[in-house]
Amino acid sequence: MLQITNLHANVGDKPILKGLTLSLNAGEIHAIMGPNGAGKSTLGYVLSGRPGYEVTEGEVTFNGQNLLDLEPHERAAAGCFLGFQYPVEIPGVSNVQFLREALNAQRKNRNEAPLSGAEFLKVAREQATALGMDMDMLKRPVNVGFSGGEKKRNEMVQMGIINPALAILDETDSGLDIDALRIVGDGINRIMRRPDKAVLLITHYQRLLDYVKPDFVHVLADGRITRSGGPELALELERDGYKELAA
Amino acid sequence: MTALLPTRHDEAWHYSDIAAVAAAWPLPAPENIIVPAGGHYARTIVQDTGSIHQIDVAIGKDATAAVHVLNIGGEYGRVELNVTLHEGADFKLGGVQIGGNAQTLEIITTVTHAEPKATSSQIVRSVLADTATGTYLGKIAVARDAQLTDSEQSVKAMLLDRSATANAKPELEIYADDVKCAHGCAIGELDPMGLFYLQARGLSPADAKKLMLQAFVAGVFEGAGDEEMLTEAALKKLGELV
Ligand SMILES: Nc1ncnc2c1ncn2[C@@H]1O[C@H](COP(=O)(O)OP(=O)(O)OP(=O)(O)O)[C@@H](O)[C@H]1O
Ligand SMILES: [Mg+2]
């Protein structure tokens with residue numbers, strides 16, 4: 001589904017990704033772990049087309065098409081979803097209004113009929129309820145005044161509404177309390193664990209992986225994948241840290 | 001009304017398109033509105049053809065006036081309000097100007113608190129693209145015995161291109177000592193991270209900008225009788241700029 005080959009990328013003038021190769025098949029969940037500043041969020045931004053993140057070498061294909069050729073909104077319509085490490089506050093724009101517009105823009109891009117207000121609200125209510133979020137909150141301006149955990153939960157509600165084929169989730173577990181972690185973990189499984197979908201789960205901790213069991217675990221260090229393995233690799237990292245691994 | 005054509009040395013015309021003013025010169029006498037004591041006056045001005053509106057409003061004791069302005073059309077558009085508040089009167093202005101190309105748009109207000117206990121509140125939002133210029137000059141004058149005046153100005157401009165210009169000049173002239181005059185003024189650009197977030201969720205760049213600009217002008221027309229029409233016209237104009 002997603003094939004990243006020898007990806008190099010700069011942020012500003014600084015090389016951050018330095019030959020990253022990774023491939024995800026449909027039905028798989030991959031976890032990416034790695035030290036602070038290694039380039040994990042950069043990978044997520046490059047895959048979703050954030051301006052200022054310049055690919056200098058390498059290729060990314062998504063379901064056979066060149067992902068890097070697409071604008072951010074076209075990547076979304078193609079089925080890519082980025083769960084932000086730091087979800088952005090947008091004053092004055094209500095969650096529901098923005099999500100309905102976003103979903104319908106994606107549907108239009110795929111030649112599907114738009115959802116009516118009522119149809120959309122039904123979907124939104126289902127997802128919000130499943131993730132334990134108040135409908136009132138969904139009517140408030142996007143992320144404004146949300147707590148850290150509420151922002152992450154909101155990302156998952158959005159993912160549920162948009163229902164993407166590929167989710168890149170950047171530290172979705174950070175900032176969540178113990179109960180929220182379970183709810184969000186269940187949400188990821190419910191929305192994304194399907195034979196036709198894939199997840200790239202960026203995390204620092206095993207605790208999320210207790211709920212969302214990865215098929216593969218990779219270490220991203222200094223801009224490339226330095227090690228890959230099964231779920232046991234995460235446990236090993238938790239025990240020994242990255243230093244041990246590098247030695 | 002000035003008999004002579006104004007020049008850029010006149011403060012109130014400092015940012016104006018004098019050629020456009022000259023073409024309209026001489027201006028007719030300002031429209032004169034008197035709101036009787038205890039009365040209510042509401043007015044909507046949509047400037048969409050490139051014209052100059054000069055309106056004098058005298059608001060009587062305990063009377064209210066609410067003016068909503070959408071300044072969007074023509075090469076040069078100017079809405080000038082000269083407001084006098086008597087005891088306990090209230091004046092509200094909600095103004096939006098949206099300009100592209102080489103448009104010059106101006107909202108100029110002089111609000112005089114002539115007597116005690118009057119309140120005034122002005123909100124002006126400008127969205128400017130290309131080489132457009134948007135100006136707000138807002139003078140508040142508080143007379144010597146106009147104690148307990150409460151006046152507010154909130155002025156914000158959003159520049160969509162580096163080549164656009166926003167001028168904002170709130171000015172206070174206060175002769176009373178027990179008054180509250182608050183003014184806030186900000187000129188900015190759309191938050192690039194917000195735009196990226198919206199696009200990452202599927203909105204096209206134009207729709208993302210439009211949504212954020214819609215939020216920027218939202219609320220200005222709240223309470224206007226023509227709120228829906230004003231909002232729709234503003235959105236249409238925003239859609240042409242993004
Ligand atoms: N605008 C920028 N200019 C220069 N360097 C940048 C810029 N943005 C990010 N970086 C650098 O890129 C590197 C990778 O950052 P990134 O956010 O991808 O790390 P990360 O692996 O997600 O870290 P964390 O685990 O802390 O979230 C860091 O060293 C960071 O300082
Ligand atoms: Mg990060």
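Just so it is clear: chains get the letters A, B, ... in the order the sequence lines come, proteins before strands, and each one is counted from 1.
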Checking heavy-atom separations under 4.5 Å from chain A, one finds in residues 212-226 of chain B B/M212, B/Q214, B/A215
In terms of heavy-atom contacts, A/P51 and B/F196 come closest through CD-CD1, 3.9 Å
By residue number, those in residues 133-150 of chain A with heavy atoms under 4.5 Å from heavy atoms of chain B are A/V142, A/N143
One should read off an interatomic distance between A/E155 CD and B/R201 CZ, to the nearest 0.5 angstrom, of 4.5 Å
More than 12 non-hydrogen atoms from neighbouring residues, nucleotides or ligands closer than 6.0 Å to CD on B/E75, yes or no? no
| said: With a sphere of 6.0 Å drawn around CD of A/E126, does it hold more than 12 non-hydrogen atoms of other residues, nucleotides or ligands? | reply: yes
Here the gap from B/D207 atom CG to A/E101 atom CD, rounded to the nearest 0.5 Å, amounts to 6.0 Å
Tell me whether B/E171 at atom CD has more than 12 heavy atoms from other residues, nucleotides or ligands lying less than 6.0 Å away.
yes
What side-chain donor-acceptor pairs closer than 3.5 Å can you find for residues 86-100 of chain A, not counting sequence neighbours?
unit_1: A/E89; atom_1: OE2; unit_2: A/K151; atom_2: NZ; d: 3.0
unit_1: A/S94; atom_1: OG; unit_2: A/Q97; atom_2: N; d: 3.1
unit_1: A/N95; atom_1: OD1; unit_2: A/N154; atom_2: ND2; d: 3.3

Expected contact set for residues 104-122 of chain A against chain B at heavy-atom separation under 4.5 Å reads A/A105, A/Q106
The interface call for A/R50 against chain B, heavy-atom contacts under 4.5 Å, is both
Counting heavy-atom pairs under 4.5 Å with chain A, the top scorer among B/L198, B/L195, B/L211 is B/L211
